[in-house]
Each structure stands twice: as C-alpha cells, then as structure tokens.
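One structure below.
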Amino acid sequence: MATERYNPRTSEPRWQKAWEEARLFETKNDDGRPTYYVLEMFPYPSGRIHIGHTRNYTMGDVVARYKRAKGYNVLHPMGWDAFGMPAENAAIQNKIHPKEWTYDNIATMRSQLKMMGLSLDWAREFATCDVDYYHRQQMLFIDFYKKGLVRRKTSKVNWDPVEQTVLANEQVIDGRGWRSGALVEQRELAQWFFKITDYAEDLLSAIDGLDDWPEKVRLMQRNWIGRSEGLSIRWALAEDTAPAGVGELEVYTTRPDTIFGASFLAVAPDHPLARKAAEGNPALATFIEECRHMGTSVAALETAEKKGFDTGIRVKHPFDAEWTLPVYVANFVLMEYGTGAIFGCPSGDQRDFDFANKYGLPVIPVVMPEGADAATFEITAEPYVDDGVMLNSRFLDGMSNKEAFEEVASRLEKETLDGKPVAKRKVNFRLRDWGVSRQRYWGCPIPMIHCDTCGVVPVPKEELPVKLPDDVDFDRPGNPLDRHPTWRHVKCPQCGADARRETDTMDTFVDSSWYFARFTSPHADSPVEKDVVNRWLPVDQYIGGIEHAILHLLYSRFFTRAMRDTGHLDLAEPFKGLFTQGMVVHETYRAEDGRWLTPAEVRIEGSAGERRAFEIATGKEVAIGPLEKMSKSKKNTVSPEDITESFGADTARWFMLSDSPPERDVEWTDDGAAGAHRFVQRAWRLITEAAPAIGDITPKAARDGDAAAISKPAHKALKAVGEDIERLAFNRAIARIHELVNDLQGPFAGLDKADEETRAAAREATEILIHLIAPFMPHLAEECWAAIGGKDLVAASRWPDFDPELVLDNLIVLPVQINGKKRGDLTIAREADQAAVEKAVLELDFVQKALNGAPPRKVIVVSQRIVNVVA
RNA sequence: GCGGACGUGGCGGAACUGGUAGACGCAAGGGACUUAAAAUCCCUCGGGCUUCGCCCGUGCGGGUUCGAUUCCCGCCGUCCGCACCA
C-alpha cells in the first residue's frame with residue numbers, strides 16, 4: 001500500500017511550535033527530579049551558523065532528549081560568545097558598529113538554530129556582550145581583585161609601528177602586521193593578570209579526578225601546566241668579563257646531573273644581563289633588536305632558526321672555579337620560563353647539541369646508556385637524552401643520572417656564594433599567569449580607575465556596570481576607548497580627584513570562563529545564585545571542539561576555583577564529563593585565477609578516482625582541493641538552510657551523526673545527505689504502512705514463535721542504542737537503528753494478514769523504533785507517533801525499558817579457528833560449558849580433517865567468544 | 001621546535017578488555033517493476049588464485065602471543081594546540 005512521502009517542510013515547523021507551546025524545554029530550577037546539565041560550547045556570532053556548529057549542537061541535543069526521556073530534569077541552554085576582534089574588524093571594513101554587527105548576527109544565527117529543532121531552553125539565552133552579563137563579570141573581577149587574585153605587571157605585546165596598535169598573534173604573519181605589512185616589534189606594556197599560577201598545583205593534581213574526560217585532554221593539560229622539579233643554580237661571573245655591578249647569573253635546570261657536560265650558558269634576549277651587556281656592545285644590541293622583531297608567540301620563536309650571540313661574559317663552573325663558560329644571548333630562550341637563563345649540555349639535548357655545533361662549542365658526553373663503555377662512548381650524530389650512567393663527571397662517574405641529580409643538588413645546597421647557597425631545589429611550572437588585558441574596544445571593560453594620588457582603585461560595586469560607550473569611531477587604528485573625549489575621565493572613588501578609567505578590556509576567554517555557571521541563574525542580580533549553581537554544576541556533559549582542550553578548559557577550571565574562593569559557589573571542577581568532537585570538513589574548489597568557489601557554484605562530474613569539477617557559471621574546470629575545515633575564506637561552507645530547505649532538519653541531524661564517529665571530522669557530501677534522507681522516507685514508509693494493522697492493538701512483546709522475530713531485534717536495538725547514546729557513540733547507535741529497520745522490513749510486509757500476537761509485537765516494536773529515532777530525528781518521531789495514533793508528544797514521553805530475556809539467544813554461533821585462522825562455525829547452546837564446547841568442536845568435519853587423526857596440541861575456548869584449535 | 005592525536009575496501013567507518021577484519025551507510029555494477037523516468041525492491045561488491053576451497057590483506061619494517069586493527073620497538077604520512085583567533 002502506498003503512503004504519501006514524508007514532508008519535513010510542513011511537519012518540522014508544526015512540531016517545533018507544539019514543543020514551544022508546551023514549553024517542554026524550559027527548565028525549572030525547583031523541579032525535584034535528578035538534574036542533568038548538558039552543554040555545548042557556545043558559538044561566536046560570526047554571521048551565519050554553518051553545518052559544523054549544528055553537528056555539535058545536535059550531539060548535545062541527542063543527549064538532552066535521551067536524558068529527558070530517562071526522567072532527568074535536563075538543563076540545555078544556549079548563548080553567544082559575543083565579544084571579540086571580528087566585530088571590530090567588521091567595523092573597520094564595513095563601517096558598521098560592533099554592537100549592531102554582533103546583535104544582527106545573533107538574530108540571524110538564532111533563527112538558523114531554531115530551524116534545527118534543538119531542545120534548547122531559549123528563556124535562558126544571553127550574549128556575553130549584554131550589559132547584564134558583563135556587569136556581573138566586572139563584579140567577579142573586583143571580587144578576585146580583593147581576594148588578591150589579580151595583579152598588574154608588564155608583559156610583551158606585538159606592536160605594529162605603522163598602525164600604532166597592539167596585534168593579536170594571528171594578525172602577525174611572518175613577523176609582519178597583517179594589514180600594514182610593517183615589521184612587528186615587541187613592546188612592554190603594564191597589563192592585568194589573573195594569578196592562575198596560585199592554583200597550578202591544584203589544577204594539576206585535580207586532573208586525576210576528571211575520569212570522564214578524554215585521556216588526551218588530561219595529558220595535554222598536564223603538559224601545559226608542566227610541573228618540573230629542578231635546581232636553581234647561581235653561577236658566579238668571571239670578574240674580568242662581568243658588566244659593572246653584576247656578579248652572578250641564576251639558571252634553572254631540570255638536569256643538574258649533566259652539569260659537567262655544560263659548555264655554555266644562554267639568556268633570553270630580554271634578560272637583564274643581556275640588556276646590560278648590550279649597553280657597551282653595539283653588535284649585541286643589534287642582535288637583541290633583531291630578536292625583538294620576531295613576534296611574541298612561542299611557536300614563532302621556536303620554529304625560527306636558532307641563533308645566539310656571545311656576550312663575552314664568562315661564568316665560573318660551580319664545581320671548578322678555574323673552568324669558565326661563555327654566556328650567550330639566544331633567541332630560543334624564553335624570559336617567561338624559569339629564570340630566563342639556561343645552561344646548555346650539548347651531549348644530552350638536541351637543541352643544545354645543534355647550538356654547540358653551530359658555534360663550535362665542546363660536546364662532552366656525561367650520560368651513557370647502561371652497559372656502554374665509558375672509554376669508548378661518543379656522541380657523534382645525535383645527543384643521548386635518556387636515563388643512564390654518568391661519565392666524564394668527576395665524582396658522579398658510575399652513578400645513575402638520578403643519583404647524580406641528588407648528589408649535585410645536595411652538594412650545591414651546601415656551597416655558598418656571597419653568603420647564600422649556590423643552589424636551591426625548586427618546583428617550577430610552565431604555566432604562566434593569565435594576561436587578561438586587551439587594548440581593544442569590543443570587550444568587557446576592566447572596572448578599575450587610575451588615580452595620581454591613590455594609585456589603582458577598583459570601581460565601587462554600586463557604580464557598576466562600567467558600560468562601553470556607544471559613540472566610538474573606527475576611522476583610525478588603536479583603541480577607541482583611549483581617544484574617546486569623555487569616557488575615560490572620572491573622579492577617583494577614594495579621594496575625589498580627577499582620575500582616569502582603565503581603557504583595557506578583558507580577554508574574551510574571561511567571558512567564556514563562567515557562562516556555564518551564569519546559565520543556571522541567567523537573570524540574577526549577582527553573578528550566580530549559590531544554592532542554584534551548586535545544584536546544577538558540574539556540567540554533566542560538556543561538548544566542544546578539541547581546539548579548546550587546553551586554554552578554555554583550564555581557564556574555566558581556574559575561574560570555578562576563584563569563584564569558590566570568593567564565595568560564589570562550592571566546587572572546584574566545572575565539567576564532569578567532557579567530549580571533544582571533530583569538525584565538519586568539505587572539499588575546496590579553486591578556479592584557475594585563484595578564486596575560491598562555494599560547493600553550490602560547482603558541478604561535479606565522474607566518480608571515485610576520476611572526479612572533475614566545473615564552475616557552473618563559466619563551464620571552466622576548477623581544481624578540487626583537499627578536505628578542509630569549513631571556513632568563510634575558503635568558501636567550502638554548507639549552511640543549514642541548504643539542507644533544511646531540501647531535506648529538512650532531521651535529515652541534516654541524522655547525516656551529521658551517522659557515518660563518522662563524533663570525535664572525528666566528518667566530510668559533508670551531497671550523496672551522504674541524500675542517503676540520510678532516503679532513510680527518513682524508509683522509516684516513515686515502514687511505520688505508516690504498518691499503521692492500519694497496529695492502530696488499535698495493545699503493544700506486547702513476543703518471546704517465542706514467529707512474532708519473536710519482531711520483538712527480539714527491537715529489544716536488542718533498544719538496549720544497544722541506549723548504551724551507544726550513553727557513550728556518545730552516535731554513529732553506532734544509528735547503525736543499530738538501520739539494522740532494526742532492516743530486520744523489521746520482512747516481518748512487517750504481511751502484517752495486515754497477521755495474527756493478534758504478531759500485531760501486538762509489531763505495535764510494540766514500532767513504538768520502540770519511534771523512541772530510538774526520537775533523539776536524532778525528533779520531528780519525524782512525532783509525525784510517526786501521531787500516525788500510529790499515539791497521544792501526547794514523544795518529546796515528553798519516557799524511554800522504554802528492554803526485556804532482558806529478549807536480548808539473549810539460546811543458541812550462539814562460535815567461530816572456530818585452527819592455528820589462529822577461522823575455518824568454520826559451531827552453533828551450540830549458550831549455556832554449554834567449556835568441556836561440551838571442546839567436545840563438539842573436535843567432532844566438526846573440518847576440524848577432524850585438519851587434525852588428520854592426531855590429537856590437538858591445545859584447544860583454547862574463550863567462553864561466548866571463540867574457539868582456537870592448535871594442531 | 002615542543003606537546004597531543006590519527007592512519008582499516010572506491011569512500012565514511014565497525015570490530016567491547018588481545019578473540020570471526022570490513023557491521024551499518026555511501027558510491028559502483030547487474031536485475032525486477034514501469035510505455036519511460038523517478039521512487040522502490042532483489043543480487044554482487046578488499047585483492048589474488050589452480051574458486052565445493054586456499055593464499056594475501058588494517059600506513060611501512062620488526063617483535064610478543066595459540067591468536068594482533070588492538071600490546072611493544074623503530075620509521076613514514078596527515079591533522080590539532082602552543083598562551084592576544086574564538
């Protein structure tokens with residue numbers, strides 16, 4: 001019997017309206033059921049939602065709908081990470097105010113998201129650029145300040161000497177400003193910092209408790225914090241080479257054991273000693289000046305060619321005053337790490353080795369692998385960086401390098417230089433304090449006032465918020481707040497004299513470090529309401545991109561601790577479960593003249609192996625580029641409307657989760673989307689064609705007979721899909737649903753002639769199928785539910801329970817291997833014991849043939865799994 | 001440069017804690033239905049061979065094991081992060 005095709009264009013808006021009218025997704029804080037908080041990283045309002053966003057939100061939505069069906073009070077909110085540079089770039093390019101640009105984008109993207117049928121609580125929506133939000137962020141800043149978690153110090157920025165502005169790292173390309181093309185300089189500015197390093201130890205050790213985080217993210221965070229135990233060693237300068245007034249150089253090392261392999265010391269270009277030495281040395285000053293043009297990013301420094309400059313200063317070896325070593329200024333030594341100075345042991349470190357070879361410095365092997373011969377061991381092509389046995393190291397010879405570490409540390413702790421110990425044991429962290437100052441307009445103003453007499457004074461809370469002025473211009477580069485005629489002029493809250501506002505705004509990472517807490521009480525006067533936020537946090541399942549694995553998550557973990565220590569909430573870890581999803585990628589197309597083309601502008605011919613692309617407008621062939629993350633610049637984006645208009649939101653949701661595992665990238669293909677839509681129609685047809693036969697039947701599972709062929713696969717799928725969703729294995733869940741539909745296809749064909757028992761089983765299986773589909777394709781599920789005469793909404797109904805008896809089979813099929821290769825199967829009762837299985841296996845034809853009359857050497861029976869006969 | 005991942009048919013991928021490699025889907029080929037098309041349904045689909053079965057096969061080279069996509073060692077390739085992109 002033919003039924004009409006499912007029409008998502010009419011169906012989807014209808015059900016979205018039904019959910020909205022029933023206010024199904026508006027979460028009440030005082031609901032008594034157990035809570036479940038699922039959150040996807042909120043988007044930056046760049047202009048349009050693309051399919052990559054929607055994949056992320058669909059994952060969260062599947063979890064939210066599933067958990068709701070499992071009886072939880074689910075919080076699933078949405079907001080906008082709305083401050084940031086693109087709004088200012090748009091202001092400069094298109095003469096549109098950042099606020100207008102941002103709120104326009106939000107309006108567009110909100111309506112795009114709504115088309116996806118996401119079960120979001122829109123009543124809690126906010127944007128971080130809402131005055132209401134950044135007002136509370138300023139409260140938090142002042143609380144942190146009063147708690148001693150904020151400090152001011154100087155740090156380096158990228159300075160564009162032509163534009164006279166600070167550049168972000170991404171705006172520095174090959175050491176030049178992206179707009180001006182001028183060579184970037186490093187410049188020191190006084191800036192605001194959060195003292196995240198106060199929590200370094202705790203942020204590190206608490207990672208152990210984050211069981212529901214991916215191991216790779218935990219590892220990345222550990223490495224980022226970078227705790228090391230080492231020795232801080234003071235090296236005396238040789239008097240005749242030292243600049244006036246400087247007597248020593250302090251070096252941090254994690255390898256004091258290699259101290260007899262040292263052949264040079266190196267300091268950062270902005271180390272005080274380097275500056276001092278440069279005063280009387282123009283060539284050195286020139287070298288340091290060159291280093292200052294490298295930009296400030298660590299990646300840029302470390303990928304640059306390693307260069308050093310001999311200062312002429314020499315230091316005395318701590319164990320031998322007669323032995324002196326040269327001090328270099330080196331472009332790869334970072335002032336921010338340790339003491340900004342290192343000693344180089346070329347035989348034990350690749351970078352030191354390269355450096356020594358470049359500048360003709362000695363390479364003395366001091367550690368060799370266990371068992372090597374000290375008389376013949378040499379370092380030639382590469383250094384030896386692993387643990388081992390000491391050599392060429394006087395009193396350390398023969399010790400393990402671990403013992404040598406202890407020996408050097410305890411000896412140097414006792415030695416003195418100018419009356420103080422030569423060395424101190426020191427725990428060092430790679431993690432640096434978090435610089436939050438940005439010299440930009442479109443961010444949360446830092447609520448501080450500079451007074452000539454009182455110094456830095458926080459804005460009194462009752463005078464908050466410090467609002468961004470609307471009347472700004474972007475005709476010139478630089479921070480419009482700085483040149484605003486009136487905004488920065490205020491009275492000092494302490495003495496009443498004329499004073500100046502801080503014109504720096506906050507890093508947008510601050511905005512995203514507590515939004516998850518704000519969602520619990522989005523309209524409260526205080527940043528959060530303690531009892532409410534305590535009940536909802538931590539977020540049960542947080543979902544977002546791997547690109548945020550370190551900074552955003554670390555900052556949020558710091559913020560939660562800081563909010564705890566300022567009395568706003570009572571927990572340390574904001575995210576219980578974390579999932580990092582992959583990106584949606586698409587081929588790129590580029591015309592001969594270099595223009596990027598969108599997928600819609602291109603026609604594809606041929607198939608696998610020999611595909612060619614042609615520009616529709618010109619008919620000319622264009623190059624097919626590699627799969628890349630969808631981006632505006634490469635034009636390889638697919639927008640949700642493209643799909644919803646042709647196939648509907650359900651098809652898009654289904655496709656994005658179907659093939660690739662969620663943590664991996666997914667390639668958007670039109671064929672794949674069409675295939676997903678075929679399944680939508682197939683499920684619709686299966687259910688609506690069955691509807692007349694099962695309309696008035698009471699659902700009942702069948703355990704035996706033909707009808708069990710309907711109930712068993714349904715209950716097996718019910719069990720598997722539930723487990724797969726819990727594990728976020730959406731692609732597997734979808735494969736299980738495909739299998740169920742395949743399994744039901746046959747038995748459902750003759751339903752109109754079937755007996756009562758079969759119809760009851762079919763009714764039950766259909767209800768299960770609809771529930772399985774519902775988290776993924778909620779609109780289709782509602783339409784199917786209505787088609788079989790279901791009352792109420794699927795979105796408001798309970799997840800069914802599977803019958804444990806139906807998911808187990810009495811007979812199982814065991815693969816049988818001979819010498820590890822599969823040669824056949826054995827069908828046997830599930831409860832058969834080891835001996836019975838072994839006996840049955842040895843009776844099999846192909847086993848006897850393989851054994852050729854001889855007894856088997858061994859029979860391995862892995863219960864319920866496999867049998868291996870070793871001949 | 002440092003840190004982290006990933007690599008399986010023509011394609012996306014599945015394979016639980018070391019236990020049947022290729023589930024499920026896409027593409028392709030063949031067939032049915034149709035005046036025709038679309039839609040739908042059925043069959044084939046890693047490679048090879050002496051094809052009732054055997055051999056090879058999970059980036060490459062070794063190793064451990066009764067058994068390795070999975071564990072170990074060494075390579076190769078691709079991707080992500082690196083503190084002012086969000």
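Bear in mind the structure is a predicted one, so any value in this text is a computation, not a measurement.
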When we call it a touch if two heavy atoms are under 4.0 Å apart, what does A/P661 touch: a base, just sugar-phosphate, or nothing? sugar-phosphate

Consider the side chain of A/K858, meaning its heavy atoms from C-beta on, and name the nucleotide among B/C66, B/C85, B/C80 that approaches it most closely. B/C66

Nearest-nucleotide 5' precedence on RNA chain B, A/A674 against A/V157: A/A674

Rounding to the closest angstrom, what is the interatomic distance between B/C52 and B/U58 at atom C1'? 29 Å

Whether A/Q848 side chain and A/L842 backbone form a donor-acceptor pair below 3.5 Å: yes

Between the side chains of A/Q191 and A/S155, is a donor N or O closer than 3.5 angstrom to an acceptor N or O? yes

Could you write out each protein N or O paired with an N or O of nucleotides 18-25 of chain B at a distance under 3.5 Å?
unit_1	atom_1	unit_2	atom_2	d
B/G19	N2	A/Q817	OE1	3.4
B/U20	O2	A/K822	NZ	2.9
B/A23	O2'	A/E739	OE2	2.6
B/G25	OP1	A/N742	ND2	3.4

Taking any heavy-atom pair under 4.0 Å as a contact, classify A/S437: base, sugar-phosphate, or nothing. base

Could you work out the separation of B/G30 and B/C45 based on their C1' atoms and round it to a whole Å? 11 Å

When both hydrogen-bonding distances must be under 3.5 Å and the geometry is Watson-Crick or G-U wobble, what is B/U40 paired with, if anything? B/A32

Students often get this wrong, so: under 4.0 angstrom with heavy atoms, is A/A549 touching a base, only sugar-phosphate, or nothing? nothing

Nearest-angstrom distance, C1' atom, B/C6 to B/G59: 11 Å

Look only at the side chain of A/D160 and the backbone of A/G177, and say whether a donor-acceptor pair between them is shorter than 3.5 Å. no

Check every strand shown and say whether A/Q439 touches a base, only sugar-phosphate, or nothing at a heavy-atom separation below 4.0 Å. base

A/Q191 near the nucleic acid: base, sugar-phosphate alone, or nothing, with a heavy-atom cut-off under 4.0 Å? base

Please list, chain by chain and in numerical order, all residues satisfying side-chain hydrogen bond (donor to acceptor under 3.5 Å, both in side chains) with A/S437, sequence neighbours excluded. A/D504

Assigned partner base of B/A68, Watson-Crick or wobble definition, under 3.5 Å: none

With syn defined as a glycosidic angle within 90 degrees of 0 and anti as anything else, the base of B/G53 is anti

Would you say B/A83 has OP1 or OP2 under 4.0 Å from some side-chain N or O of A/N169? yes

Nearest-angstrom distance, C1' atom, B/C79 to B/C43: 40 Å

Taking atom P in both B/G47 and B/A37, what distance in whole Å separates the two? 30 Å

So A/F332, base contact, sugar-phosphate only, or nothing? Heavy-atom distance under 4.0 Å. nothing

Partner residues of A/H677 under the ring pair (Phe, Tyr, Trp, His ring centres under 6.0 Å) criterion, sequence neighbours left out: A/F647

Counter-base of B/A23, judged by Watson-Crick or G-U geometry with both distances under 3.5 Å: none

Between A/R222 and A/E215, is there a side-chain N and carboxylate O pair less than 4.0 Å apart? yes

Span that lies between the C1' atom of B/A39 and that of B/G48, in whole angstrom: 39 Å

Interatomic distance at P, B/G3 relative to B/C66, whole Å: 36 Å

Donor-acceptor pair between A/N89 and A/Q93 side chains, under 3.5 angstrom: no

Quick check for you: among B/A39, B/C66, B/A86, whose closest atom lies nearest to any side-chain atom of A/R5? B/A39

Classify the nucleic acid contact of A/R823 as base, sugar-phosphate or nothing, counting any heavy atom under 4.0 Å across all strands shown. sugar-phosphate

Across all strands, who's sitting opposite B/G1 as a Watson-Crick or G-U wobble pair, both distances under 3.5 Å? B/C82

Partner residues of A/Y6 under the ring pair (Phe, Tyr, Trp, His ring centres under 6.0 Å) criterion, sequence neighbours left out: A/W684

Quick one: label A/G435 by what it contacts on the DNA or RNA (base, sugar-phosphate, nothing), any heavy atom closer than 4.0 Å. sugar-phosphate

Heavy atoms only, 4.0 Å cut-off, all strands: where does A/H552 land among base, sugar-phosphate and nothing? nothing

With ring pair (Phe, Tyr, Trp, His ring centres under 6.0 Å) as the test, pick out the partner of A/F83 among A/Y441, A/Y515, A/F509, A/W442. A/W442

So that I can tick it off, tell me whether A/K156 and A/E185 are bridged by a salt bridge, with the cut-off set at under 4.0 angstrom between side-chain N and carboxylate O. no

Quickly, which of A/D507, A/N479, A/T505 forms a side chain to side chain donor-acceptor pair (under 3.5 Å) with A/R438? Name it, please. A/D507

Hunt down the Watson-Crick or G-U wobble partner of B/C6, both distances under 3.5 Å, from any strand shown, or write none. B/G77

Between B/G67 and B/A21, how far apart are the two C1' atoms, rounded to whole Å? 13 Å

Looking for any heavy atom pair under 4.0 Å, which part of the strands does A/V869 touch: base, sugar-phosphate only, or nothing? nothing

What are the atom names and distances for every N/O pair under 3.5 Å that joins the protein to nucleotides 2-5 of chain B?
unit_1	atom_1	unit_2	atom_2	d
B/G3	O3'	A/N223	ND2	2.9
B/G3	O2'	A/N223	ND2	3.0

Just to verify, what does A/I173 make a side-chain contact (heavy atoms from CB on, under 4.5 Å) with, not counting sequence neighbours? A/W178

How long is the line joining OH of A/Y6 and P of B/U40, in whole Å? 17 Å

